[in-house]
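Note that the structure is predicted; figures quoted are calculated from it, not measured. Residue numbering restarts at 1 for every chain, and letters A, B, ... go by the order of the sequence lines.
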There are 2 protein chains.
Amino acid sequence: MNEPNAPAENPSDPFQPIERATVSDAILDQLRGLIAGGTLKPGDRLPSERDLCKRFGVGRTSVREALKPLITLGILEGRIGSGTYVATEAGQFQKPLQWGLLGDLQSQDDLVETRHMLETNAAHWAAQRAGPDNLAAIAATLQGMAEHLDEPGQFQEFDANFHFEIARATQNKMLYRLINVIRGQIQTWIGERLTLSPERTESLARTSLEQHREIFAAIQDQDGAAARAAMDHHIQTATRDLQKIAK
Amino acid sequence: MNEPNAPAENPSDPFQPIERATVSDAILDQLRGLIAGGTLKPGDRLPSERDLCKRFGVGRTSVREALKPLITLGILEGRIGSGTYVATEAGQFQKPLQWGLLGDLQSQDDLVETRHMLETNAAHWAAQRAGPDNLAAIAATLQGMAEHLDEPGQFQEFDANFHFEIARATQNKMLYRLINVIRGQIQTWIGERLTLSPERTESLARTSLEQHREIFAAIQDQDGAAARAAMDHHIQTATRDLQKIAK
DNA sequence: TTGGCCAGCTGGTCAGACCAATTCTAGAAA
DNA sequence: TTTCTAGAATTGGTCTGACCAGCTGGCCAA
């Protein structure tokens with residue numbers, strides 16, 4: 001027959017040849033492999049799209065459709081006039097998790113409950129595993145909170161970093177990523193609530209700081225149970241306070 | 001000549017024309033919203049690409065680049081000659097979470113530890129919230145396990161479903177998804193280990209079934225603490241057994 | 001009614017063109 | 001020589017029109 005691109009059949013093995021269904025997915029796989037394998041490191045610049053076309057032997061459409069998902073997921077970053085770059089490691093896992101977890105936004109309760117579970121466990125493990133550098137980082141966020149009791153925006157940022165640093169101190173990267181994402185979502189929720197009653201934010205901040213200090217003390221003492229209890233108390237009251245504001 | 005094609009606008013049309021910085025991202029956002037908001041339900045067929053072009057008032061390139069990430073993430077599914085469809089809910093959140101969580105595969109310990117946390121909590125909540133249908137579903141998986149003690153493949157599947165059903169019984173969708181993904185990853189690991197020592201799988205299966213029954217009994221009794229303890233015991237011994245095989 | 005065939009649709013791919021932003025470069029100005 | 005700046009070249013983003021391969025549905029003959 002007049003096969004245009006007849007695959008070179010290997011006579012010894014009849015079931016060998018599996019042609020990839022779509023070109024762009026094949027490119028996508030290859031790129032993902034290069035990134036996961038470390039050939040392309042964060043910050044690296046990819047060859048230009050037109051260059052990749054020639055190297056892969058495909059059209060620009062296919063190259064772009066392979067790049068687009070990676071860009072959407074935050075693994076790559078396209079800059080007009082400059083090129084396409086591998087994103088920094090920090091941002092690489094943020095978006096895919098957001099996509100995965102935030103499919104339906106109606107379940108605020110699930111979010112709060114899951115966060116509670118993740119953070120109490122994180123406090124527990126952090127107490128057992130935090131190194132001096134972790135403790136220093138957490139202490140720094142406490143300092144930051146203390147200095148910005150009357151600036152909600154700043155305070156909130158240090159607050160969030162406090163929880164991030166605890167997550168990091170668990171030495172469990174997966175847990176860290178999960179908390180990172182969920183916390184990010186919670187954060188927007190907190191922001192909404194606080195703007196509803198700006199006059200009470202400072203008193204809330206003060207009690208919040210106090211609770212954070214208790215958590216830190218427990219972690220410093222390497223007392224896992226106490227850290228978990230303190231975190232539990234903190235999240236429970238904070239959640240309740242914020243929910244009260246809603247009314 | 002070079003004017004962008006006329007935005008064929010029509011209020012009460014769920015596909016509204018575009019205004020944002022990058023066109024394809026704007027379309028992406030809009031589509032995501034339609035899916036998350038339930039306007040587009042699983043199984044629905046989207047308008048054809050050429051149709052969307054007219055409705056959005058953009059070129060097919062932009063539409064396709066918006067569709068592509070959603071397809072890669074498993075949220076949409078393209079079928080040549082037929083159309084583009086919203087994927088079934090089950091598969092919708094699997095891939096994005098995998099992309100996010102499995103960036104570096106070296107941290108098997110993190111995986112095990114995180115799974116332990118998620119599943120013990122799931123057991124706790126399931127005991128408090130499982131409805132009759134949940135209990136029936138869990139019981140069915142136990143039955144399946146009992147009937148396939150000597151068929152590792154089948155047994156493993158019922159085993160996995162047991163844990164899925166518990167996750168579902170928590171009524172926390174987010175937790176369910178997380179367990180779903182992590183369990184899927186653990187599962188491949190378990191499979192690898194079991195093939196290393198096929199002669200012991202049946203005795204392992206027997207003790208495993210016994211532990212599953214204890215977990216189920218605790219959930220049936222609505223005893224959260226007991227359920228957590230039973231799950232804790234199960235995962236600890238199962239993990240230890242599997243790690244022993246490795247040697 | 002049944003079976004097969006064909007026209008028309010759909011997603012996947014390619015090529016060429018234009019835009020806006022960035023980067024590079026060579027000549028002018030100091 | 002060094003510095004500055006205006007083009008020129010390059011790059012990602014978008015549009016258009018074309019073609020392919022697989023699916024769908026309806027028409028027609030048996």
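Between B:Glu113 and B:Arg115, none of the side-chain N atoms (NZ, or NE/NH1/NH2) sits under 4.0 Å from a carboxylate O, so this pair counts as no salt bridge.
Look at CG on B:Leu67: it is 12 Å from C1' on C:dT10, rounded to the nearest Å. Taking atom CG of A:Leu28 as the reference point, atom C1' of C:dG12 lies 15 Å away to the nearest angstrom. Atom P of nucleotide D:dT16 and atom CZ of B:Arg64 are separated by 16 Å, given to the nearest angstrom. Note: NZ (B:Lys68) to C1' (D:dG13) measures 18 Å, nearest angstrom. Atom pair A:Arg60:CZ and C:dA17:P shows a separation of 13 Å (rounding to whole Å applied). The separation between B:Glu65 atom CD and D:dG13 atom C1' is 7 Å, rounded to whole Å. In this structure, B:Ile80 atom CD1 and C:dC9 atom P are separated by 18 Å, rounded to whole Å. Spacing between atom CZ of B:Arg50 and atom P of C:dT10 amounts to 7 Å, rounded to whole angstrom units.
Comparing C:dT10, C:dT13, D:dT14 by their closest approach to the side chain of B:Arg45 singles out C:dT10.
For A:Ser82 and C:dA21, the shortest distance from a side-chain N or O to OP1 or OP2 is not below 4.0 Å.
Positionally, the nearest nucleotide of DNA chain C for B:Thr84 lies more toward the 5' end than for the other of B:Thr84 and A:Val63. Map A:Thr61 and B:Ser48 each onto its nearest nucleotide of DNA chain C; the residue landing nearer the 5' end is B:Ser48.
A search for ring-ring contact (aromatic ring centres under 6.0 Å, His included) contacts involving B:Phe155 returns nothing, not counting sequence neighbours. Residues satisfying the side-chain hydrogen bond (donor to acceptor under 3.5 Å, both in side chains) test with B:Gln143, not counting sequence neighbours, are B:Glu147.
The backbone N or O of A:Val112 lies less than 3.5 Å from no partner atom in the side chain of A:His116, so there is not a single donor-acceptor pair.
Contacts of A:Gly81 with the nucleic acid, taken as non-hydrogen atoms under 4.0 Å apart, include base atoms.
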